[in-house]
Peer 1: 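What follows is a single structure, and I will ask about it in a moment.
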There are 4 protein chains.
Amino acid sequence: MDKVERRRAILAAALTVFAGHGFAGARLDDVAREAGVAKGTLYLHFADKEALFRGLVEQNIAPVLADADAAIARFPGTTGDLIDLLIAILVERVIGTPAEALVRLMIAEGPRFPELAAYYHREVVSRALGIVRAIAQRGLDRGEITSDIAVRFPQLVISPAVVAVVWNGMFGAFDPLDVRAFLSAHRDLLLRGLGWRDT
Amino acid sequence: MDKVERRRAILAAALTVFAGHGFAGARLDDVAREAGVAKGTLYLHFADKEALFRGLVEQNIAPVLADADAAIARFPGTTGDLIDLLIAILVERVIGTPAEALVRLMIAEGPRFPELAAYYHREVVSRALGIVRAIAQRGLDRGEITSDIAVRFPQLVISPAVVAVVWNGMFGAFDPLDVRAFLSAHRDLLLRGLGWRDT
Amino acid sequence: MDKVERRRAILAAALTVFAGHGFAGARLDDVAREAGVAKGTLYLHFADKEALFRGLVEQNIAPVLADADAAIARFPGTTGDLIDLLIAILVERVIGTPAEALVRLMIAEGPRFPELAAYYHREVVSRALGIVRAIAQRGLDRGEITSDIAVRFPQLVISPAVVAVVWNGMFGAFDPLDVRAFLSAHRDLLLRGLGWRDT
Amino acid sequence: MDKVERRRAILAAALTVFAGHGFAGARLDDVAREAGVAKGTLYLHFADKEALFRGLVEQNIAPVLADADAAIARFPGTTGDLIDLLIAILVERVIGTPAEALVRLMIAEGPRFPELAAYYHREVVSRALGIVRAIAQRGLDRGEITSDIAVRFPQLVISPAVVAVVWNGMFGAFDPLDVRAFLSAHRDLLLRGLGWRDT
DNA sequence: TATGAATGAGCATTCATTCAT
DNA sequence: GATGAATGAATGCTCATTCAT
């Protein structure tokens with residue numbers, strides 16, 4: 001196992017353990033065991049527990065976002081199709097993946113790690129909202145939608161996805177939410193609300 | 001200070017401390033100091049840390065929900081007005097109050113406390129969604145709206161409020177969300193999306 | 001066991017353990033066991049390991065020095081008798097007592113604890129040297145001795161006592177120094193060197 | 001860098017680090033970095049931390065002592081001059097040099113390393129005291145001094161030098177002792193005390 | 001009942017030592 | 001021989017819980 005691989009193993013283990021117990025509740029013993037390394041090895045890769053947490057966020061974010069960015073940038077379709085694409089990306093790349101655990105983790109621990117929250121805001125949230133805003137603006141410019149609400153409050157477009165993640169984290173065991181259907185319903189509501197008209 | 005009052009003081013202190021540090025990170029020393037009682041006294045009212053957390057959730061939920069229930073049940077207005085009322089209740093009774101901290105706390109700790117999550121689901125979430133569903137159904141019955149999406153997925157009506165709470169918990173310090181404007185925009189989007197027409 | 005007694009027990013245990021292993025080498029587990037208290041109890045009395053070390057120094061110093069001060073201040077005899085008294089105090093109150101271990105400990109750890117060394121200098125060393133200086137000055141004034149060397153370098157009077165403590169700490173097991181005879185020889189050498197004449 | 005040179009570098013680094021932090025407090029990481037070698041390399045030259053400490057003592061002692069031995073053996077002057085020479089050697093070869101740090105280190109750690117203390121006693125202390133004793137005996141034989149105290153307790157001759165080293169280690173930063181003047185005063189006191197007379 | 005000192009299991013972190021390269 | 005990443009036992013400190021007063 002080389003250095004990069006080991007680091008990856010540690011981060012994967014950390015995601016599991018932090019997601020399961022929260023930051024304060026996570027034991028580095030468990031992270032080490034899960035990663036298959038000695039406890040001391042963690043400290044060869046990360047200065048302390050907090051740095052490990054930071055590494056977690058930094059590691060898991062770049063790929064998804066970069067892909068989403070690229071996919072949407074070069075997409076030629078209508079606003080409706082773009083929103084479908086956005087939802088598809090969410091469903092495939094976030095929901096049910098480690099990224100989902102990370103979102104929950106950030107919501108749970110964010111208030112306790114202001115700098116990390118700021119980083120997350122800068123690198124993830126504002127970029128994601130920027131993408132949404134760009135989609136909405138293009139739709140307006142093309143006359144496909146008539147409301148600028150999604151430009152002013154792009155969070156409204158994302159909210160159901162956030163709630164879906166939170167919901168399944170809390171209630172998924174006994175009252176699971178069908179995320180695909182849920183987000184599809186959101187799509188319909190949203191497009192109609194934005195004044196969408198098939199052209 | 002009599003027994004009931006003391007219990008109230010402990011729960012109020014616990015809300016502050018748990019909200020600030022999460023379940024694992026909260027120190028009962030701090031709860032005791034904040035409540036103005038000795039540490040041992042906590043154990044006269046709650047069996048252990050977890051019971052205190054449970055007590056917290058149970059305590060803070062009944063009043064808000066009962067009031068919302070009542071207010072909406074006897075409300076004579078249109079669906080649009082009802083949604084305005086719902087938003088007003090959220091803004092006045094949840095956002096910026098201890099209940100808000102509780103929502104964040106439940107999102108953060110829920111996955112670690114399945115029984116508590118189930119309790120929360122039963123006592124809070126499903127009741128709140130029931131109210132939304134009833135409003136939506138009444139709107140449909142009256143012909144004020146045409147879409148049954150809010151009946152099938154009442155979570156869509158609530159999502160922005162959840163996100164607003166989460167957002168301000170994480171990013172409020174440097175990029176605060178104007179909750180009133182945000183939820184008002186949501187209202188417009190939602191009503192139009194549901195096929196609202198002024199009659 | 002009341003609070004004061006417990007504190008005393010902890011300090012006594014700490015003296016033993018620190019003297020035996022040095023500051024860095026001492027285990028608080030051992031201090032706790034030796035004191036007959038739980039590990040956490042140490043922290044009710046001292047903020048951390050260093051504070052415990054400080055407490056040690058502060059605790060063991062006041063009594064010896066105050067007694068020496070008083071005994072010498074009211075002593076009416078000649079310079080020779082005073083030096084005998086000084087040596088007697090050293091032999092009875094320092095050599096072979098916990099204070100001896102403390103001297104060794106201070107020599108060993110002083111360079112690592114500048115503030116503690118400064119405290120020790122201020123509260124012990126300079127006061128002890130002040131006593132010596134006063135004795136020497138009185139001898140000069142009375143014409144019992146003729147050299148002012150002990151006024152200028154009172155450390156010369158104390159040096160053999162320091163060396164005796166160090167010697168027995170290191171070599172006592174296989175080449176013990178007869179401290180009483182050693183300091184008595186020092187007395188003779190010193191008095192003659194200072195120009196003592198029986199009057 | 002050949003083997004001998006590397007060993008020397010390690011010992012020099014070890015002296016610095018051990019002197020600065022004591023045995024238990026010294027980190028072999030620091031020794032390795034200071035010596036410019038990898039941590040594992042230390043173990044090619046010394047079996048473990050303790051062996052390194054032993055090597056330290058053994059390495060730094062031979063030269064000084066051998067030189068002192070030789071210089072004094074062939075010295076033709078009076079007892080007074082010999083003591084001056086002894087003091088000059090101390091001031092030039094010990095005070096302010098690594099050997100000084102070693103003395104402090106031995107005082108601090110000696111009780112924890114009985115075998116090392118025995119070695120030190122045998123190789124350094126008793127040889128140094130033997131030199132002093134020889135000087136004193138020659139002075140007596142020649143009639144230059146009249147007291148045999150320095151033959152019986154040669155430690156009395158060395159004590160101020162030990163105290164000077166200890167003093168400057170602990171208090172040097174804020175109340176430095178002028179070692180030259182101090183030892184010179186000691187010389188005067190000592191010679192007079194021993195019954196020295198210019199012949 | 002209320003108190004808060006005492007307890008001790010638990011955890012983050014360090015560092016002497018090993019060993020594959 | 002030399003390296004330095006990996007190891008894991010050891011240790012300072014914390015904090016939920018207990019209990020004598």
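Atoms considered below: every heavy atom in the structure, side chains included; atoms not considered: hydrogens, waters and symmetry mates. Letters A, B, ... are given to chains in the order of the sequence lines, protein chains preceding strands, and every chain is numbered from 1. Nothing here was measured: the structure is a model prediction, and the numbers come from that model.
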Peer 1: Give C:K3 one of three labels, base, sugar-phosphate or nothing, depending on what nucleic acid heavy atoms sit under 4.0 Å from its own.
Peer 2: nothing
Peer 1: Please verify the inter-ring angle class for D:F113 with D:F53; under 30° counts as parallel, over 60° as perpendicular, anything in between as tilted.
Peer 2: perpendicular
Peer 1: CE of C:M170 to CZ of D:R112: how many Å apart, nearest 0.5 Å?
Peer 2: 11.0 Å
Peer 1: Suppose we define a pair by two distances each less than 3.5 Å, Watson-Crick or G-U wobble; what does E:dA16 pair with here?
Peer 2: F:dT7
Peer 1: Considering only heavy atoms from C-beta outward, does the side chain of A:F18 approach that of A:K49 to under 4.5 Å?
Peer 2: yes
Peer 1: If you assign D:E50 and C:L42 each to the DNA chain E nucleotide with the nearest heavy atom, which residue ends up on the more 5' nucleotide?
Peer 2: C:L42
Peer 1: For DNA chain F, whose closest nucleotide is more 5', that of A:H45 or that of C:A26?
Peer 2: A:H45
Peer 1: Quick one: does B:K49 reach the base of F:dT17 with a side-chain donor-acceptor pair under 3.5 Å?
Peer 2: no
Peer 1: With sugar-phosphate meaning primed atoms plus P, OP1 and OP2, does A:L28 contact a base, only sugar-phosphate, or nothing at under 4.0 Å between heavy atoms?
Peer 2: sugar-phosphate
Peer 1: Reading DNA chain F from 5' onward, which residue's closest nucleotide shows up sooner: C:F23 or A:T41?
Peer 2: A:T41
Peer 1: Considering heavy-atom distances to DNA chain E, does B:D2 or D:R27 have its closest nucleotide positioned more toward the 5' end?
Peer 2: B:D2
Peer 1: So what's F:dT21 paired with, Watson-Crick or G-U wobble, going by both distances under 3.5 Å?
Peer 2: E:dA2
Peer 1: Mind checking B:R6 for me? I need base, sugar-phosphate or nothing, with any heavy atom below 4.0 Å counting as a touch.
Peer 2: sugar-phosphate
Peer 1: So C:L15 and C:L11, do their side chains get closer than 4.5 Å, heavy atoms only?
Peer 2: no
Peer 1: F:dC15 P sits how many Å from B:H21 NE2, rounded?
Peer 2: 10 Å
